Amino acid sequence: MMSDDGEQLLVVYDDHSDQRSMSLDETSSTEESPDETKVSLDTTDDAIPYIGQRFATHDHAYEFYSEFAKRCGFSIRRHRTEGKDGVGKGLTRRYFVCHRAGNTPVKTLSENKPQRNRKSSRCGCQAYMRISKTTELGAPEWRVTGFSNHHNHELLEPNQVRFLPAYRTISDADKNRILMFAKTGISVQQMMRLLELEKCVEPGYLPFTEKDVRNLLQSFRKVDLEDESIDLLRMCRNIKDKDHNFQFEYKLDSNNRLENIAWSYASSVQSYEVFGDAVVFDTTHRLNAFDMPLGIWVGMNNYGMPCFFGCALLREENVKSYSWALKAFLGFMNGKVPQTVLTDQTLCVREAIAMEMPSAKHAYCIWLIVAKFPSWFNAVLGERYNEWKSEFYRLYNMESIEDFEMGWRDMVNSFGLHTNRHITTLFAARNLWALPYLRSHFFAGMTTTAHSKAINAFIQRFLSAQTRLAHFIEQVAVAVDFKDQAGEQQTMQQNLQNICLKTGAPMESHAASVLTPFAFSKLQEQLVLAAHYASFQLEDGFLVRHHTKLEGGRKVYWVPREGIISCSCHHFEFSGILCRHTLRVLSTGNCFQIPERYMPLRWRRINTSAKLLQNTLSDHTERVQLLQGMVSNLVTESAKSKDRLDIAMEHVSVLLSRIRDHPVPSSRYARNDCFS
């Protein structure tokens, strides 16, 4: 580091009265040339160690040097000692060195023992402080007899040095809080956010990281996983005996210990038949009490609510484990591969999906990326963080790839992020998360913030009160059952709402009678906007643009005889709902009903029931879903007049009273017994 006038300060000195070399290895010299060293100037003279400086104990000397190192941009560790407590003169000399001193010794590889490929930070740095014990003034004390602040590596900035392991500490109070959080089952990310709020610190500024918390939680484990695994398998077999449609798969290792397990319920398999076109495979959670990675498959139903497809508990986070989980899941779902799969940015998951689901479009969950922004960019951008975040969302929602890439370059230039590794990584993977690259694939609306929050809240129900591994499957069942009941209530509420037609167009009333209220509201938005667009017939289709625009627009292709229509905006391919541009062309062409193929089964009111009519009705779950469809039809027909509504309410009240007189089984799994 150079001063403004070009002179470089070298902080190197030694007490020549101490007849010892100040080299760390007794042979190398610390007399390096100024051009080959890095020296911090961010200290005052009286804060720099000096020859003759005295300390009451060697621990006091270590603390002083550690504080000096933190201000400079490095950390230290204890190195060699001379003498030994309780032997002869006792401990007489200590060396404290830079954390990057020395070189990594070559390890002897063992075929039987797995090796961690972890890069070492050591680079042979010669910065050090040596202290020697003296009794010149009577009482023993420690004196600095050697010091060098030469570094052969870059020193860290203040906002980076705090992430060095030496400065990352979890206090006893924080450990107790983390243990309490773990018992409630919340994720490590949530623990970090809560602690940040409690301590009133910015995201990413706690004195420890998520990895430190995970390591701490692992040390809390006091259960015998082998016994837990046996109980878990016993639980699965008991459930299977009661419900033959319950599915589970497991894998044992060479020592006959449980390695992986996956499971799904009959209702989940049935839901997947209709709603398994777009799936979230969330692998960001763990069972904290057991430090086991958890994979959850979730989708979106026709009423815009999350639906559970399956779960997997894995021992390791690697390609092999994720590949096994995906195979098990496809086995549950009769080999049906989803059109799209949303995951986090884990490379292992990406590779596993490419192997097991090559036909599926893989994309990253945008909400999992955005959740990392505070720790990635808050400290880097400071006051401009919110401004940058708004610009990111603007780019994310663009339609044109060309506009996105041009805007991204402008954003990088404007905020000075040319060398930021997170920005570089995001841009390199842009085809996996940016909407301009994904609009031609179906995502069932799961890329929106509102739906991502609903899915995350749904998943959190599985992670509460993780007491026993064997109980976790029951826990998930309770959460799914609760969600099913809540979903039925929300479905009923949606169907009871009076649908307000806004355009008076025959297409609108037709769609309202076919689509669920959730899907219809999305189509209605496009119908209202369509009135503001003009269409111009071309030789090979139509050009549709806003009535205030003189240029641009979207290209619409329509083949009336075949009932085929498409738009260059790819809105239908992305959401399953026709766009304003196609609706404008249909209206101009005197089309009074939306073609059947453009009201997908997965968005219709009775799609599940229609599917069930093709199968036998012996299964309890099938009967429940058929009943749901019948109730939906009952509400639709009854709401058409006051007399119909009065008749329906009278008969339903009597029927409900009769049903309530029957006892309710205590367990989810006992329900099938009532129908056997």
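If you're wondering where the values come from, they're calculated on a predicted model, not measured in any experiment.
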Margin query: Using a 3.5 Å distance criterion without hydrogens, assess whether the side chain of D243 forms a donor-acceptor pair with backbone atoms of I239.
Written below: no

Notebook entry, point to check: Are the side chain of T340 and the backbone N or O of F442 linked by a donor-acceptor pair below 3.5 Å?
Noted result: yes

Next item on the list: Would you tell me whether E356 and S323 have side-chain atoms, one donor and one acceptor, within less than 3.5 Å of each other?
Entry: yes

Next item on the list: Quick one: list whatever passes side chain to side chain donor-acceptor pair (under 3.5 Å) with S587, sequence neighbours left out.
Entry: none

Notebook entry, point to check: Parallel, tilted or perpendicular for W433 and F404, by the 30°/60° rule?
Noted result: perpendicular

Next item on the list: Please answer whether the main-chain N or O of C348 pairs with a side-chain N or O of T346 as donor and acceptor at a distance below 3.5 Å.
Entry: no

Check: Can you name the nearest heavy-atom pair linking R602 to N302, along with the distance?
Finding: O-CB, 2.8 Å

Margin query: Regarding T503 and E508, do their side chains bring together a donor and an acceptor under 3.5 Å, going by distance alone?
Written below: yes

Next item on the list: Go through the structure and list residues passing side chain to side chain contact (heavy atoms under 4.5 Å, CB included) with A363, not counting sequence neighbours.
Entry: L342, L438, F443

Margin query: Tell me whether the count of non-hydrogen atoms from other residues, nucleotides or ligands lying under 6.0 Å of CG in L550 goes above 12.
Written below: no

Check: Does F246 offer a backbone N or O that forms a donor-acceptor pair with the side chain of K240 under 3.5 Å?
Finding: yes

Notebook entry, point to check: Is there a donor-acceptor pair under 3.5 Å between the side chain of S268 and the backbone N or O of S264?
Noted result: no

Next item on the list: Look at atom NZ of K327 and say whether more than 12 heavy atoms of other residues, nucleotides or ligands are closer to it than 6.0 Å.
Entry: no

Note to self: Can you confirm whether more than 12 heavy atoms, excluding those of H510, are under 6.0 Å from its NE2 atom?
What the structure shows: yes

Item checked: Which atom of Y533 lies closest to which atom of R545, heavy atoms considered -> CD2-C, 3.3 Å

Note to self: Looking at R554 and H581, would you say the former's side chain and the latter's main chain have a donor-acceptor pair under 3.5 Å?
What the structure shows: no

Margin query: Show the nearest heavy-atom pair for residues I565 and T582, with the distance to one decimal.
Written below: CD1-O, 3.7 Å

Checklist line | D344 and Y364: CA distance, side-chain angles, deciding distance, side-chain contact (heavy atoms from CB on, under 4.5 Å) verdict | finding: CA-CA 5 Å; D344 70 342; Y364 291 154; over 6 Å; no

Check: Y272 and ring-ring contact (aromatic ring centres under 6.0 Å, His included): which partner among W297, F329, Y265, F308?
Finding: F329

Item checked: Ring-face cation contact, F377 with K389, 6.0 Å cut, 45° max -> no

Notebook entry, point to check: Going through the checks in order, is the side-chain contact (heavy atoms from CB on, under 4.5 Å) test met by L515 and M599?
Noted result: CA-CA 7 Å; L515 301 177; M599 289 191 291; 3.9 Å; yes

Item checked: N/O donor-acceptor pair under 3.5 Å between N334 side chain and K336 backbone -> no

Item checked: Verdict with reasoning, L330 to V337, per side-chain contact (heavy atoms from CB on, under 4.5 Å) -> CA-CA 7 Å; L330 289 177; V337 178; 4.1 Å; yes

Next item on the list: Apply the test ring-ring contact (aromatic ring centres under 6.0 Å, His included) to residues Y598 and F572: give CA-CA distance (whole Å), side-chain angles for both, the deciding distance (0.1 Å), then the verdict.
Entry: CA-CA 8 Å; Y598 296 108; F572 178 78; 5.0 Å; yes

Notebook entry, point to check: Under the criterion side chain to side chain donor-acceptor pair (under 3.5 Å), which of E525, H532, Q526 is the partner of R580?
Noted result: Q526

Next item on the list: Using modelled atom types only, decide if a donor and an acceptor are shared between the side chain of S575 and the backbone of G445 within a distance under 3.5 Å.
Entry: no

Notebook entry, point to check: Hey, does the side chain of H571 reach the backbone of I577 with a donor-acceptor pair shorter than 3.5 angstrom?
Noted result: yes

Notebook entry, point to check: Between Y437 and R430, does any side-chain donor sit less than 3.5 Å from a side-chain acceptor?
Noted result: yes

Notebook entry, point to check: When rounded to the nearest 0.5 angstrom, what distance separates CG in L501 from CG in L527?
Noted result: 10.0 Å

